[in-house]
Amino acid sequence: MHFLIPAAGSGSRMKAGKNKLLIDLEGETLIYWTIKSIFAASSISWIGIIGQPFEKKLLLNSIKHFCNKVEWINGGETRQESVFNGLNSLPKDAEKVLIHDGARCLVNPELIDKCALELEENDAVILATKVTDTIKMVDHKGFIKETPNRKNLWAAQTPQGFLVDKLKKAHKIAIDKNWLVTDDASLFERLNWKVKIIEGDYKNIKITSPIDLKIAKMFLNNPNY
Ligand code: CTP
Ligand code: MG
């Protein structure tokens, strides 16, 4: 299975003054732990890291011995653009791809393999968890508009897996129509193409704000939790 790891963000919500993937977590960088988890999955055959050119050395050095086993791809201004660059840099024979955020360093390798397996039967799959909070739709003035039924709400995670040709087509349509989305499954939905949900776990958070670093440290120190 081919993997793409978007790692070209700036981490603005983390407020660390640098790409959050370069933050130290228990003696290694955040991206190191992500790559380590991916290499622990048995389904991987090829991995591309998508990063900003000016961070190439820092990111590759920080993943230590894994750096010789990954391909480097230049990222874009948005996650969507970074993934599109990644898709265009896959080897010609890549039929399927799993995309996993560099910022999700707590992913369970068995769930990565489950996504790869489900992608044998489906054109598109994503890991997601049932939402536990009651979610409100809010207007631009800060007043609640409606409360969607929680039974139908899932929080999207990564990996997200796709047939390469189909995802490339979706990205090209998005460019034409000026769609800007925060995950790849959103493109499939807009086109009415089916995406299968695979139930993931709550541990697979996207490290976004400073409090997430504390959660990540706790899990890295208690891997069997
Ligand atoms: N990403 C990317 N290229 C971009 C923006 C984001 O490859 N131009 C990657 C990030 O590095 C991250 C993943 O997409 O691994 C998910 O994005 P997010 O959590 O939003 O990370 P950042 O964009 O870095 O953070 P923020 O939105 O707080 O600035
Ligand atoms: Mg972002």
Side-chain angles (χ1 to χ4, degrees), residues 2-25 28-39 41 44 46-63 66-67 70-90 97-108 111-112 115 126-129 155-162 167-168 170-171 174-175 178-187 200 202-216 219-220:
H2 293 76
F3 275 74
L4 287 173
I5 317 297
S10 59
S12 55
R13 286 168 288 180
M14 186 59 77
K15 299 188 171 77
K18 61 176 175 184
N19 185 347
K20 63 189 177 185
L21 302 187
L22 293 167
I23 288 176
D24 181 274
L25 268 179
E28 303 290 352
T29 57
L30 202 169
I31 187 70
Y32 171 87
W33 295 112
T34 307
I35 296 293
K36 186 171 183 247
S37 294
I38 292 171
F39 272 96
I44 55 157
W46 186 98
I47 298 183
I49 293 193
I50 311 163
Q52 295 297 344
F54 75 95
E55 283 178 342
K56 181 174 178 179
K57 270 202 181 127
L58 279 174
L59 283 167
L60 289 178
N61 283 342
S62 87
I63 60 169
F66 297 118
C67 81
V70 300
E71 299 296 323
W72 177 265
I73 300 158
N74 287 336
E77 285 196 2
T78 60
R79 182 187 184 280
Q80 190 174 325
E81 215 175 293
S82 292
V83 171
F84 188 59
N85 290 355
L87 292 171
N88 289 325
S89 306
L90 286 170
V97 64
L98 282 179
I99 299 168
H100 182 66
D101 286 332
R104 291 186 192 269
C105 60
L106 300 171
V107 65
N108 177 341
L111 285 173
I112 295 177
C115 291
I126 76 165
L127 272 191
T129 50
Q157 302 180 341
T158 66
Q160 302 196 348
F162 305 89
L167 186 59
K168 268 191 188 170
H171 270 265
I175 292 168
N178 260 327
W179 292 345
L180 188 60
V181 295
T182 51
D183 76 346
D184 296 279
S186 301
L187 300 177
Y202 292 108
K203 189 176 159 182
N204 184 24
I205 57 169
K206 182 158 67 67
I207 310 297
T208 305
S209 309
I211 193 170
D212 299 324
L213 294 174
K214 295 204 176 356
I215 298 169
F219 280 123
L220 290 170

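Each residue takes its place number in the sequence, starting with 1. Whatever order the structure lists them in is the order used to number ligands and atoms, beginning at 1.
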Item to check | Geometric class of the W46/H2 ring pair [parallel <30°, tilted 30-60°, perpendicular >60°] | outcome: tilted
Checklist entry - Tell me, which protein residue and heavy-atom name are nearest atom 20 (O) of ligand 1, and how many Å apart are they? => result R13 NH2, 2.9 Å
Item to check | Minimum side-chain heavy-atom gap N19-I31 below 4.5 Å | outcome: no
Checklist entry - Any N or O of S82 that comes nearer than 3.5 Å to an N or O of ligand 1? => result yes
Checklist entry - Within a strict 4.5 Å, meaning less than it, do heavy atoms of the K18 and I23 side chains meet? => result yes
Checklist entry - Is any side-chain heavy atom of I112 less than 4.5 Å from a side-chain heavy atom of H100? => result no
Checklist entry - ligand 1 and G102, any nitrogen or oxygen pair closer than 3.5 angstrom? => result yes
Next on the checklist: Which residue and atom name correspond to the protein heavy atom nearest atom 13 (C) of ligand 1, and how close is it?
Outcome noted: D101 OD1, 3.4 Å
Next on the checklist: Give me the atom names and distance for the closest heavy-atom approach of A7 to L59.
Outcome noted: O-CD1, 4.0 Å
Checklist entry - Less than 3.5 Å between some nitrogen or oxygen of K20 and one of ligand 1, yes or no? => result yes
Next on the checklist: Can you report which non-hydrogen protein atom sits closest to atom 15 (O) of ligand 1, along with the distance?
Outcome noted: P6 O, 2.9 Å
Checklist entry - Going by the order shown, which atoms of ligand 1 are within less than 4.0 Å of some heavy atom of A103? => result 15 (O)
Next on the checklist: So for ligand 1, is A7 a polar contact partner (N or O within less than 3.5 Å, distance only)?
Outcome noted: yes
Next on the checklist: Under a 4.0 angstrom heavy-atom cut-off, which atoms of ligand 1 come close to K206?
Outcome noted: 16 (C), 18 (P), 19 (O), 20 (O)
Checklist entry - Counting only heavy atoms not in K206, do more than 12 fall under 6.0 Å of its NZ? => result yes
Checklist entry - Is there at least one pair of N or O atoms, one from G76 and one from ligand 1, spaced under 3.5 Å apart? => result yes
Item to check | Shortest protein heavy-atom distance from atom 24 (O) of ligand 1, along with the residue and atom involved | outcome: G11 N, 2.8 Å
Item to check | atom 1 (N) of ligand 1: nearest protein contact (heavy atom, Å) | outcome: G9 N, 3.5 Å
Next on the checklist: Using 30° and 60° as the class boundaries, would you call the ring planes of F66 and F39 parallel, tilted or perpendicular?
Outcome noted: parallel
Item to check | Validation row: L213, L25 side chains within 4.5 angstrom (heavy atoms) | outcome: yes
Item to check | Contact partition for A8 relative to ligand 1, non-hydrogen atoms under 4.0 Å | outcome: both
Checklist entry - Under a 4.0 Å heavy-atom limit, does E77 contact ligand 1 with its side chain, its backbone, both, or neither? => result backbone
Next on the checklist: For the backbone of V181 and the side chain of Q80, can you confirm whether one donor and one acceptor N or O come within less than 3.5 Å of each other?
Outcome noted: yes
Next on the checklist: Do Q157 and V107 have side chains that approach each other closer than 4.5 Å (heavy atoms only, starting at C-beta)?
Outcome noted: no
Checklist outcome for this item: Logged contact type for R104 with ligand 1, heavy-atom cut-off 4.0 Å, is neither
Checklist entry - Are S10 and ligand 1 in contact, using a heavy-atom cut-off of under 4.0 Å? => result yes
Checklist entry - Going through the distances and angles, do D183 and S186 end up as a side chain to side chain donor-acceptor pair (under 3.5 Å)? => result CA-CA 6 Å; D183 76 346; S186 301; 2.4 Å; yes
Item to check | Sub-4.0 Å protein heavy atom next to atom 17 (O) of ligand 1 | outcome: no
